[in-house]
Amino acid sequence: MKRIHFSLAIVMLASTFAHADKISVAAGGGTNPADGPATQCKMVQTFGVDFGPDGTVYIVEMSGGERLRALDSRGNLTTLAGTLGKKGTDDGAGAKALFNGMHSLAVAPDGNVYLADTFSSTIRKFDPKTGLVTTFAGVGGKKGFEGDGGPAAKALFNGTFCVSFDPAGKNMFITDLGNARIRKIDMATGTITTVAGNGKKGKPKDGGDAISEPLVDPRAHAVDAKGNLYILERGGNALRVVAPDGKIRTVMGAEGKKGTDGVGGPALQAQMNGPKHVSIDKDGSVLIADTENHRVLRYIPGKEVVELVAGTGKRGNSDGGGDPKKVEFSQPHGVIVHPQTGDIYISDANNGRALKLVRE
């Protein structure tokens with residue numbers, strides 16, 4: 001009988017390992033300064049990741065990189081726009097276009113790629129069909145706060161740190177960090193408005209009107225299928241949500257304290273340290289790049305708890321042998337889910353690589 005129980009235990013253990021999540025490098029981490037096989041390429045400050053309708057994986061490189069790159073289905077990496085290490089605000093053909101500290105990107109339903117060109121305080125557009133880069137919102141190199149109620153092309157921002165669409169692709173949302181606001185562009189009319197933040201810095205009151213309350217320092221945002229707008233604050237070390245009725249409340253973060261405690265428990269007791277990106281998983285849970293803790297977390301609405309997705313919390317560059325809980329990051333700046341496969345892509349900025357977590 002003991003032998004049967006022992007054999008059964010072995011089978012169960014083997015089954016567990018066979019269906020474990022796996023993480024691997026999808027692009028970067030190599031030494032090749034040019035384009036080519038993605039895992040052999042050298043990438044600089046990998047930040048935003050998003051996906052085209054044709055399956056292309058788009059990746060932006062921040063300061064030192066200043067490029068938009070594409071990972072195709074064959075595993076090859078290609079530079080689409082920008083010049084390595086060269087900053088500017090020039091529009092035009094991809095090879096001649098210049099960027100200044102891109103942090104994020106978002107692909108529209110029509111396949112156009114929108115880039116949060118952070119330090120130029122603009123949103124740029126890359127058209128994959130023509131290879132052209134144009135300025136979609138903001139005025140290159142000019143900072144300020146203007147334009148609400150009018151055309152986004154004439155609006156002013158102060159640090160465009162994050163750009164994304166609602167699930168239907170009808171509205172673009174922009175994290176305007178310097179103005180402590182989240183702003184929205186109606187893609188049908190081009191009109192821009194503010195949906196959260198009053199321009200002042202401070203912790204918003206739970207239940208207050210989002211546009212009348214302050215924000216500490218909004219760094220990123222994401223909108224779920226129910227119309228909830230999640231706002232991630234780096235210095236506030238908090239996750240807040242604006243409900244469809246416009247009311248804001250804090251759902252994660254230990255009163256703004258930074259640290260590592262609380263994972264596995266109530267969300268309002270969970271600590272973060274300089275989180276910099278947020279996105280929505282296919283089940284409606286919220287993924288967070290807890291950047292200075294070198295890990296990725298998951299907030300689960302309804303249950304109001306936080307779970308660890310990947311990372312040891314230790315800074316490094318190990319692949320963890322394929323185990324997401326053993327991989328080491330160095331300031332992960334992005335996390336996003338592939339809309340078809342459900343794979344999670346994590347941009348590991350200081351290691352110059354993008355990793356893919358495949359769930360079994």
Side-chain angles (χ1 to χ4, degrees), residues 23-29 35 38-39 41-63 65-73 75-82 99 101-108 111-118 123-124 126 128 160-165 172-173 175 219-223 232 275-282 286-291 295-298 309-311 324 327 329-359:
I23 194 167
S24 61
V25 177
D35 294 342
T39 55
C41 290
K42 180 178 181 178
M43 300 188 74
V44 181
Q45 287 287 300
T46 49
F47 268 51
V49 179
D50 205 1
F51 312 98
D54 62 352
T56 299
V57 181
Y58 294 99
I59 306 170
V60 294
E61 297 172 309
M62 203 269 222
S63 292
E66 310 294 354
R67 295 178 293 185
L68 170 65
R69 309 187 79 178
L71 172 63
D72 64 26
S73 59
N76 292 316
L77 192 68
T78 304
T79 300
L80 301 176
F99 303 97
M102 290 183 290
H103 274 65
S104 173
L105 78 163
V107 182
N112 284 319
V113 182
Y114 292 85
L115 309 159
D117 197 20
T118 306
I123 301 297
R124 314 280 291 281
F126 173 78
T160 47
F161 275 77
C162 183
V163 60
S164 74
F165 288 97
M172 174 188 290
F173 291 79
T175 296
R219 185 59 181 253
H221 67 271
V223 180
L232 186 67
K276 294 182 180 176
H277 193 253
V278 62
S279 63
I280 309 299
D281 204 343
K282 292 170 74 69
V286 183
L287 296 169
I288 298 167
D290 189 12
T291 305
R295 63 187 184 181
V296 174
L297 303 176
R298 181 190 305 277
V309 175
V327 70
F329 300 112
S330 181
Q331 294 188 311
H333 275 76
V335 57
I336 192 166
V337 175
H338 194 291
Q340 280 78 46
T341 66
D343 298 337
I344 299 173
Y345 283 71
I346 303 165
S347 52
D348 188 13
N350 285 350
N351 284 325
R353 60 186 186 175
L355 294 93
K356 180 174 72 171
L357 193 163
V358 178
R359 292 178 277 192

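Count residues from 1 along the sequence. Quick caveat, the model's predicted, so the values are computed rather than measured.
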- Query: Is there a donor-acceptor pair under 3.5 Å between the side chain of Asp343 and the backbone N or O of Val358?
  - Reply: no

- Message: Just verifying a value: how many Å separate Ile280 CD1 and Leu287 CG, rounded to the nearest 0.5 Å?
- Response: 8.0 Å

- Chi angles and distances behind the side chain to side chain contact (heavy atoms under 4.5 Å, CB included) call for Asp35, Asn76: CA-CA 8 Å; Asp35 294 342; Asn76 292 316; over 6 Å; no

- Message: Working note: Val286 + Val278, criterion side chain to side chain contact (heavy atoms under 4.5 Å, CB included); need CA distance, chi angles, decisive distance, verdict.
- Response: CA-CA 7 Å; Val286 183; Val278 62; 3.2 Å; yes

- Task: State, to 0.1 Å, how close Asp117 and Arg124 come at their nearest heavy-atom pair, and which atoms those are.
- Result: OD2-NH1, 2.8 Å

- Item | CA sep, side-chain torsions, deciding dist, call: Thr79, Glu61, side chain to side chain contact (heavy atoms under 4.5 Å, CB included) | CA-CA 10 Å; Thr79 300; Glu61 297 172 309; over 6 Å; no

- Message: Quick check: do Arg359 and Val337 have side-chain heavy atoms less than 4.5 Å from each other?
- Response: yes

- How close do Arg298 and Ile344 get, heavy atom to heavy atom, and via which atoms? NH2-CD1, 4.1 Å

- Query: In Å, rounded to the nearest 0.5 Å, how long is the span from CZ of Arg69 to OG1 of Thr56?
  - Reply: 14.5 Å

- Query: For the side chain to side chain donor-acceptor pair (under 3.5 Å) test, which of Arg219, Lys276, His333 pairs with His103?
  - Reply: Arg219

- Find the distance between CD1 (Ile336) and CD1 (Ile346) and round it off to the nearest 0.5 Å. 12.0 Å

- Query: Side chains of Val60 and Ser104: does their closest heavy-atom pair fall under 4.5 Å?
  - Reply: no

- Task: Could you pull out the closest heavy-atom pair between Leu105 and Gly48, with the gap in Å?
- Result: CD2-C, 3.2 Å

- Query: How far apart are the closest heavy atoms of Gly101 and Ser63, and which atoms are they?
  - Reply: CA-OG, 4.1 Å

- Stepwise side chain to side chain contact (heavy atoms under 4.5 Å, CB included) test for Lys356 and Thr341: CA-CA 11 Å; Lys356 180 174 72 171; Thr341 66; over 6 Å; no

- Item | Distance, nearest 0.5 Å, that separates CD1 of Ile123 from CE of Met172 | 6.0 Å

- Taking only residues two or more places apart in sequence or in another chain, which ones pass ring pair (Phe, Tyr, Trp, His ring centres under 6.0 Å) with Tyr345? Phe51

- Message: I'd like to know if the side chain of Thr118 reaches the main chain of Thr160, judged simply by a donor and an acceptor atom lying under 3.5 Å from each other, with no hydrogens or angles considered.
- Response: yes

- So which of Phe126, Phe173, Phe165 actually passes ring-ring contact (aromatic ring centres under 6.0 Å, His included) with Tyr114? Phe165

- Item | Heavy-atom side-chain proximity of Val107 to Pro53 below 4.5 angstrom | yes

- Task: State, to 0.1 Å, how close Gly111 and Pro128 come at their nearest heavy-atom pair, and which atoms those are.
- Result: O-CG, 3.3 Å

- Approximate separation, where rounding is to 0.5 Å, of Cys162 SG and Phe47 CZ: 12.0 Å

- Would you say the side chain of Tyr58 lies within less than 4.5 Å of the side chain of Leu80, judging by non-hydrogen atoms? yes

- Message: Could you measure the distance from the CG atom of Asn351 to the CZ atom of Phe329? Nearest 0.5 Å is fine.
- Response: 9.5 Å

- Message: Using every non-hydrogen atom in the two residues, find where Ala222 and Ser164 come nearest and quote the distance to one decimal.
- Response: CA-OG, 4.4 Å

- Between the side chain of Thr291 and the main-chain N/O of Pro332, is any donor-acceptor distance below 3.5 Å? yes

